[in-house]
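The structure appears below as structure tokens.
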Amino acid sequence: MVPVPGGQPGPDDDRSRWAAIALSPRAAVVLAAVVVGVSVVVVLLGALSDRGGRVDGRDGSGGSVGAVTVTGAPGAVSGTPAPSPAASSGPSGPVVVHVVGAVRRPGVVALGTGSRVSAAIDRAGGASDDADLARLNLARVVVDGERLYVPKAGETEIPTALDAQGGTGGTGASGGAAGGGADAVVDLNAADQSTLETLPGIGPSLAGRILAWREEHGRFSTVEDLLDVNGIGDGRFADLRDRVRV
């Protein structure tokens with residue numbers, strides 16, 4: 001190469017410089033791939049950051065967008081689930097009880113599910129002055145359709161009209177025994193401890209288990225429910241069948 005006078009670079013020098021800067025086709029492809037990859041990462045990071053800010057409960061203007069919180073990595077949303085309709089619904093339907101006897105306003109009353117004998121008496125105007133509440137289990141849960149008889153002090157027998165209609169749903173005036181004598185028929189839903197002990201083969205322990213079963217289940221639906229009481233088998237039930245009722 002012939003030097004250019006005056007020390008100025010010639011055309012050959014410019015071509016050499018561009019040749020040094022030029023990339024091979026393979027290097028150009030690699031560089032393009034790197035640029036694309038960096039761009040994708042930047043876009044993804046921006047999208048995740050924007051999503052995390054919105055889930056945290058704030059939008060771009062600083063307002064609240066929801067009662068949820070973000071825990072851990074972006075996108076991990078936790079919150080209190082809304083209660084289901086079944087969980088938030090109240091008791092299903094009223095319990096209707098016929099309250100008679102020593103109350104101020106005898107009649108049919110409607111109560112909430114799970115109500116006690118004491119609530120039924122209150123709804124009937126409360127006990128009268130001559131009521132003998134000590135003979136009732138005021139904590140017993142009433143059942144739909146039952147008749148609750150509140151005895152008077154000194155009363156020893158269930159009124160004939162009530163006995164003819166199947167007795168009472170609560171602790172009756174005679175402790176659950178219809179009529180007198182050793183062969184009196186005992187109302188399983190009205191009898192107390194001493195009345196149950198008058199039945200054949202029923203001592204204090206078994207009478208207590210009968211009362212405990214009644215407390216747990218609300219009432220006896222049929223006399224055959226006695227077979228569910230621990231200690232009463234088929235033989236003992238045969239002796240009791242004609243001596244009890246519900």
Side-chain angles (χ1 to χ4, degrees), residues 83-180 184-199 207-226 228-229 243-246:
S84 63
S88 60
S89 61
S92 57
V95 174
V96 180
V97 179
H98 187 193
V99 184
V100 293
V103 292
R104 301 189 187 279
R105 295 195 303 271
V108 176
V109 298
L111 304 164
T113 302
S115 296
R116 311 282 177 168
V117 168
S118 59
I121 295 174
D122 290 341
R123 187 63 61 88
S128 59
D129 294 337
D130 57 350
D132 189 0
L133 296 181
R135 296 165 63 183
L136 291 170
N137 179 4
L138 298 177
R140 180 176 65 82
V141 176
V142 297
V143 296
D144 185 46
E146 77 167 80
R147 181 188 296 110
L148 174 64
Y149 182 72
V150 181
K152 296 180 180 179
E155 195 172 24
T156 58
E157 294 185 1
I158 299 175
T160 303
L162 292 177
D163 184 55
Q165 296 174 31
T168 69
T171 302
S174 62
V185 177
V186 173
D187 186 341
L188 292 174
N189 292 316
D192 55 16
Q193 176 88 18
S194 59
T195 303
L196 289 173
E197 291 178 16
T198 64
L199 295 170
R209 289 200 290 272
I210 293 174
L211 292 175
W213 192 97
R214 189 174 73 191
E215 287 298 315
E216 180 181 354
H217 297 85
R219 63 182 282 111
F220 287 89
S221 299
T222 65
V223 295
E224 284 75 13
D225 287 340
L226 278 174
D228 294 333
V229 178
R243 294 287 311 279
V244 295
R245 62 179 175 85
V246 295

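What you see below is based on every heavy atom in this structure, not just the backbone, and it leaves out hydrogens, waters and symmetry mates.
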With the side chain counted from C-beta on, respond yes when Ser118 and Leu136 share a heavy-atom pair under 4.5 Å apart, and no when they do not.
no

Minimal non-hydrogen separation, Val96 against Asp144, with atom names
N-OD1, 2.8 Å

Minimum heavy-atom distance between Glu197 and Ala207, given as atom pair plus value:
CG-CB, 3.9 Å

Show your working on side chain to side chain contact (heavy atoms under 4.5 Å, CB included) between Ile210 and Gln193 and close with a plain yes or no.
CA-CA 9 Å; Ile210 293 174; Gln193 176 88 18; over 6 Å; no

Tell me whether Lys152 is salt-bridged to Asp129, with the criterion being a basic N under 4.0 Å from an acidic carboxylate O.
no

Is the backbone N or O of Phe220 less than 3.5 Å from a side-chain atom of Asn189, with the two atoms forming a donor-acceptor pair by type?
yes

Do the side chain of Arg140 and the main chain of Arg214 share a donor and acceptor less than 3.5 angstrom apart?
no

Quick one: pull up OG1 in Thr195 and CG in Leu188 and give me the separation to the nearest 0.5 Å.
11.0 Å

Kindly determine whether Val99 and Arg123 satisfy side chain to side chain contact (heavy atoms under 4.5 Å, CB included), including the steps that lead there.
CA-CA 9 Å; Val99 184; Arg123 187 63 61 88; over 6 Å; no

Check Ala139 against Arg116 and note the closest heavy-atom contact, atom names and distance.
O-NH1, 2.7 Å

One pair to check against side chain to side chain contact (heavy atoms under 4.5 Å, CB included): Leu133 and Ile121. What are the steps and the verdict?
CA-CA 10 Å; Leu133 296 181; Ile121 295 174; 4.0 Å; yes

Indicate the atoms forming the closest heavy-atom contact of Val186 with Ala191, along with that distance.
CG1-CB, 3.4 Å

Please give me the minimum heavy-atom distance between Pro106 and Gly101, naming the atom from each residue.
CG-O, 4.3 Å

Which atom pair, heavy atoms only, marks the closest approach of Val223 to Arg245?
CG1-CA, 3.7 Å

